[in-house]
Amino acid sequence: MSFFNILDIAGSGMNAQTVRLNVTASNVANADNVSGDAASAYRARQPVFASFADAMKPDENPMVRVLGVVQSQADVVARYAPDNPNANDEGYVFSSNVNPIEEMVNMMSASRSYKNNIEVMNTSKELLMRTLSMGQ
């Protein structure tokens with residue numbers, strides 16, 4: 001394993017955490033959206049990660065890959081609000097199923113993971129520089 005593989009692995013982790021932060025931002029932005037029917041109400045989304053290594057090269061290091069983004073299957077909340085312009089014929093609006101507290105925890109976790117990957121890259125860079133300066 002080369003030092004440069006460490007940078008590739010940390011970079012793939014940073015890319016995955018960026019996707020996670022983007023999905024979290026989308027969920028937070030749509031947390032208070034309402035709709036006139038349950039089918040069109042915003043549903044929380046979550047990224048799905050997996051580690052992968054090239055099956056043909058067993059010496060390859062596993063990296064993080066984003067498999068996709070899935071929608072939550074939790075029910076949306078129906079609320080009686082006959083004055084809302086989005087209300088259906090019965091006077092109900094349907095709120096998104098985003099839990100703002102869970103989203104904040106996801107955001108903090110993604111942020112820390114991202115920072116940890118940066119720290120790995122900085123430590124690797126520092127070790128490389130010290131190794132190069134040994135010959136001077």
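Position 1 is the first residue of the sequence; numbering continues from there. This structure is a prediction, so every number in the text was calculated from the model and none was measured.
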Please round to the nearest 0.5 Å and tell me the distance separating atom [atom1] of [X] and atom [atom2] of [Y].
X	Y	atom1	atom2	value
S111	N106	OG	CG	12.0 Å
M63	D8	CE	CG	4.5 Å
D37	Y92	CG	OH	15.5 Å
F94	R43	CZ	CZ	10.5 Å
N117	N122	CG	CG	11.0 Å

Are any of the side-chain heavy atoms of [X] and [Y] separated by less than 4.5 Å?
X	Y	result
I6	M121	no
S35	V93	no
Q46	E103	yes
V120	N116	no
S12	V64	yes
T24	M104	no

Can you confirm whether the side chains of [X] and [Y] place a donor and an acceptor under 3.5 Å from each other?
X	Y	result
R20	S109	yes
S72	R45	no
Y42	S95	no
T18	N15	no

Any residue meeting side chain to side chain donor-acceptor pair (under 3.5 Å) with N30, in chain and number order, not counting sequence neighbours: N33
Which heavy atom of [X] sits nearest a heavy atom of [Y], and at what distance?
X	Y	value
V19	P47	CG1-CB, 4.2 Å
A74	N97	O-ND2, 3.0 Å
F49	Q17	CE1-NE2, 4.0 Å
D32	S96	N-OG, 4.4 Å

N22, CG atom: more than 12 neighbouring heavy atoms under 6.0 Å: yes
Neighbour count >12 (heavy atoms, 6.0 Å) for atom CD1, I101: no
Single hit among V77, N84, V76 for side chain to side chain contact (heavy atoms under 4.5 Å, CB included) with V34: N84
Where at least one partner belongs to residues 113-130, residue pairs that pass salt bridge (charged side-chain N to carboxylate O under 4.0 Å, His left out), sequence neighbours excluded: E126-R130
Common cluster, M129/L127, ILVMFWY with side-chain heavy-atom separation under 4.5 Å: no
